Each structure stands twice: as structure tokens, then as C-alpha cells.
Amino acid sequence: MELRVRLNLLLSLILFLALSIGAVYSLGNARRAVVEELRASSELASTLIQNLLGGTGSPVEPGLLYGMLEQLEINTETRHLNITVASSAPLPVNIERREKRGPRGIPGWFFSLVRPDPASLTRTVEFDGATILIAADPTDEISEAWRETRVTVSVMFAVFVGANVVVFLFLGRALTPLQELSRALTGIERGDYASRLKAVGVPELDAISERFNLMAEVLEQSHADNAVLAQRSLATQEVERRHLAHELHDELGQSITAIKALAVSIIERSRSTDQAVAASAATITDISGDIYARVREMMTRLHPVILDELGLLPAVELMVDDWNTRHRDCFCSLQAKCDLPPLEKDARIAVYRIVQEALTNIAKHAHASKASIALEVKSGPGGEACIVVDVADNGMGFDPCRERRGLGLVGMQERVNAMNGRLEIDTAPGQGVRITASAPLEPISHAVTIDG
């Protein structure tokens, strides 16, 4: 979970607790206000009745008293009261107890929480054998409390939502430098050493940005130096291979040819005199021919002369034919157009070595039954023409996150770097391996950073 979301959830929880406390406090205030209002109304009515009964100094006419009670009950100032008279004798005036009104538009839970105890709000007055009951009716007061509480809680909820939105936006802006740092580190991991961070005005973050930029600059320079060294090493390696191939051809090849010629001469001279000598000489001839064939194979692997004489495509075709001859259990197909443009010498040998190393890896590790090679020219990201080499197999594959790259893949990467290109490896356990290398048709002499 992102840091921004985690912080926002934490602040949302704090605000929700504050909202809950505010809601509980509002309910408590509403209940207290209802109780105080109803208690004041019932006590006022009780006091008025007692003053009416005892303040005249003479008996009060019952009919007049009951009429006054009826007027007191329906008076707007005492609308929260139900006044009834309980008596065993018939009353001069019929005062019926009003039916209790239920909550109108008030949620049941709110009515239950705010409604006071009816017994605590009931007053009695004894008069002439009758009992006057003054009971508070909380319906209207609870309705007013609900309207006020609803407005308060709605405002608090709006503040809660607004605060969450503001905090989320603020965190997004405040954490932007950390997101930029994460993206820059990801770029460094992928080989983009040109990533730099800008100052944001926060001393701590600016210090981190400064150190990151210094690290990226050092890594970029080190990578450039290593790329130049790798390019020089590859060039030196190819020179040494070419020199060794020439030495094998000139020295060892001539010696083997001389041995074979001498053996043939011995066969001719001893065929009629000594059959054993002739047979031994024939054996020497066969062994010399086998050694010469192996030497030619070594020379081809060290430096394919056909690559310089006929070009890239014939050299790759010869490599594929030789592969299919020596690997009967894994057939390799080649797809390439005959109109491939000519490449510079270093680019030709680099593409040839990439294909050669890929086939070597298939033979050693893939356990595949089918392999394919494709050579074509495509448009690059900037519209430039690029040579694209695609080598795939249906072998066992591997997990690129767990398996370390071997020397073969490292060598491919270095050759692609030297051509200012891009190397992609698409693989998974049990799904084979696909290696795609692309490079401009006009390679640059110095190495540059690529995605790997």
C-alpha cells in the first residue's frame, strides 16, 4: 500500500474518531436540552396550578378550575404537557387525556436515545379528592433536537469529507519528491544513469536529491568508462581471435597438410611391400583429415572468413546449417530477407557473435526441440533504421528475477552496448527464452546507456 494512502487512512481514522466523539457529544447535549426543557415546563405548570389553588384564599369553583386546566394544557407555552384529572366522582368538565404522539420524521434510534424517563417528568397536585397529573410529552422537543443535531452532524460530516480530500491532495503534493526519487531509483536500476532530481525547497529532501544526483553522476561516468573498456576489450578480443585463426590456418594447417602428404607418400611406396605400414599410413591420413576438419571448425568459430568475404547473412546461414548438422534433437530455422543492408565490420561481427552465443546457450541450457532466428530491419523509436536480431527457443526457460546472468548474456549485453542498441530478454520457467537485440544501422563509436 502506498505511503500516501496509508497516511490518509490514518488521518481519516483520527477524523472519524473525532466525528464520533462529536456525534456522541451532540446526542448528550440534545438529551440534556430535552430533559431541561420538559422539566421546566412541567414544574412551571405545577407551580401555576398550586398558586391557583392556594393563592385565592377561598375555594375555587371546580368548573372554573377545570376550564383553566384545559386552557393551560393547550397553551402554546406549555405544548409539551399532558394534564389529566383523576377522580372517583364525576367531573363537571370532561377533560380527556390526549393520546401520546409518536415521533414524526424522527428516527427511532434517535428518539430512543434522547427520550427522557417519563416518571422523572411527571408532577401530581391533589385537589378536592381529585389528583391532577402533569406529564411532559417530549415529542415536539425531541423533534426540534433532531433538526438541530442533524444539521450539526451534517456539518461535521461535510468537514470530515472535506478534510479527507484536502489531506489527500496535500499528501500527494508533499510526497511528490519521494515519488520522483522512487522513479529515479527505478531508472538507475534499469540503467538510466542520466536521471537527476530537482530541488524542492525542503532542506532534508534537497540534501537527499543532491546526494542522489552525485551518485547518479558517478554511476554514469563509471558506466561510460566500463562501456568504453568493454568495447575496447571486445575489439581486442576479435583481433586476437582473427590473429589466432590466421596462425592456425598458416602454421597448424600447413603442418597437418604436410603430415597428410607424407602419409600418402608412405602409402604409395609401401602398398606393394608392407601392407601394415600402408595401413598405418592410411590411419595417419584419416586422423590428419579429422584434425584439419576440427581446426577449420575452430578457425570458423574464432573468426569466420565468410563473414568478411560474403557478409552477415551467408555467415549466419552457414552457422545454422552447421548447428542442424550437429544437433539432431533441436532444429533451428532462419528467417531473413536477402536484401539486408551492408553493416560496418564491427557491427557484422557483433550480430554474428550474438547469434552464436544465443545458440550456444540453447545447446547448453535450454533442452529445447525447436529454435528460430530472425534477422530484419525495422524502424527504431526515433524513426531510424535498426537491425533487429531475434533468437527464440521452446526450452525450459528461467526466472529472470532469480537467475543471475551468465557470461554469455553479459557478453551479448556488452556487444549491444557497443552498437548503441537495446537488448531484451523475455522468458519464464517452462516458456522458453526469446532474446531480441536491436541496434542502429550506423553504429556509434562510443558506448551509451541502454535498457537492459
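Every heavy atom of this structure was used, including side-chain atoms; hydrogens, water molecules and symmetry mates were not. Keep in mind that this is a model prediction, so the values were computed, not measured. By convention here, the first residue in the shown sequence is residue 1.
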Side chain to side chain contact (heavy atoms under 4.5 Å, CB included) assessment of I208 paired with L197: CA-CA 9 Å; I208 294 176; L197 295 177; 5.6 Å; no

Residue pair F398, I425: steps toward the side chain to side chain contact (heavy atoms under 4.5 Å, CB included) verdict: CA-CA 11 Å; F398 62 91; I425 301 176; 4.2 Å; yes

Candidate pair E414 and V410, rule side chain to side chain contact (heavy atoms under 4.5 Å, CB included), full reasoning: CA-CA 6 Å; E414 291 177 349; V410 173; 3.8 Å; yes

Stepwise salt bridge (charged side-chain N to carboxylate O under 4.0 Å, His left out) test for E220 and R196: CA-CA 11 Å; E220 185 177 21; R196 297 293 185 273; 2.8 Å; yes

Side chain to side chain contact (heavy atoms under 4.5 Å, CB included) between L169 and V165, intermediate numbers included: CA-CA 6 Å; L169 296 177; V165 173; 4.1 Å; yes

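Although no hydrogens or angles enter the test, the distance criterion places a donor-acceptor pair under 3.5 Å between the side chain of T257 and the main chain of G253. For W323 (side chain) and C330 (main-chain N/O), a donor-acceptor pair under 3.5 Å exists by modelled atom type. Remark: the backbone N or O of S438 is not paired with any side-chain donor or acceptor of R422 at under 3.5 angstrom. In this structure, D322 contributes its side chain and L318 its backbone to no donor-acceptor pair below 3.5 Å. In this structure, the side chain of S233 does not engage the main chain of L229 through any donor-acceptor pair within 3.5 Å.
Closest of all the heavy-atom pairs between V351 and L375 is CG1-CD2, 4.3 Å. Between G397 and V433, the shortest heavy-atom contact is CA-CG2, 3.8 Å. The two residues A281 and I267 make their nearest non-hydrogen contact at CB-CG1, 3.3 Å. Across all their heavy atoms, S195 and A216 have their closest contact at O-CB, 3.5 Å. Here the closest non-hydrogen pair linking A199 and D206 is CA-OD1, 3.3 Å. When all heavy atoms of F160 and S12 are compared, the closest pair comes out as CE1-O, 3.5 Å.
Rounded to the nearest 0.5 angstrom, D390 CG and T436 OG1 are separated by 4.0 Å. Summarising the geometry, atom CZ belonging to F168 is positioned 9.5 Å from atom CG belonging to L9; distances are rounded to the nearest 0.5 Å. A distance of 10.5 Å separates NE2 of H246 from CG of L302, quoted to the nearest 0.5 Å. Rounding to the nearest 0.5 Å gives a distance of 8.0 Å between CD1 of I291 and CG of L252. To the nearest 0.5 Å, atom CG of residue L307 and atom OH of residue Y352 are 7.0 Å apart. Distance check, rounded to the nearest 0.5 Å: CZ of R242 to CD1 of I349 gives 7.5 Å.
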Distance-only criterion, 3.5 Å: show the donor-acceptor pairs between side-chain atoms of residues 360-371 and protein atoms not counting sequence neighbours.
{"unit_1": "T360", "atom_1": "OG1", "unit_2": "Q356", "atom_2": "O", "d": "2.9"}
{"unit_1": "S369", "atom_1": "OG", "unit_2": "N394", "atom_2": "ND2", "d": "3.0"}

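Inter-residue side-chain proximity for R415 and M419 is flagged as unmet; no heavy-atom pair is nearer than 4.5 Å. The shortest side-chain heavy-atom distance between L441 and L343 falls under the 4.5 Å cut-off. Two residues are said to be in side-chain contact when any heavy atoms from C-beta on lie closer than 4.5 Å; V355 and V320 fail this criterion. The shortest distance between side-chain heavy atoms of L185 and E189 does not fall below 4.5 Å. Two residues are said to be in side-chain contact when any heavy atoms from C-beta on lie closer than 4.5 Å; R353 and Q237 fail this criterion.
Residue M298 places its CE atom among 12 or fewer non-hydrogen atoms of other residues, nucleotides or ligands, all under 6.0 Å distant. By the neighbour-count criterion of 12 heavy atoms within 6.0 Å, atom CZ of R32 is densely surrounded, having more than that number from other residues, nucleotides or ligands. Applying the 6.0 Å contact sphere to CE of M156 captures more than 12 heavy atoms from other residues, nucleotides or ligands. Remark: E210 CD is loosely packed, at most 12 non-hydrogen atoms of other residues, nucleotides or ligands lying under 6.0 Å away.
Side-chain N/O atoms of N213 and E217 include no donor and acceptor closer than 3.5 Å.
Applying the side chain to side chain donor-acceptor pair (under 3.5 Å) rule to pairs touching residues 286-297 yields D290-R294, sequence neighbours excluded.
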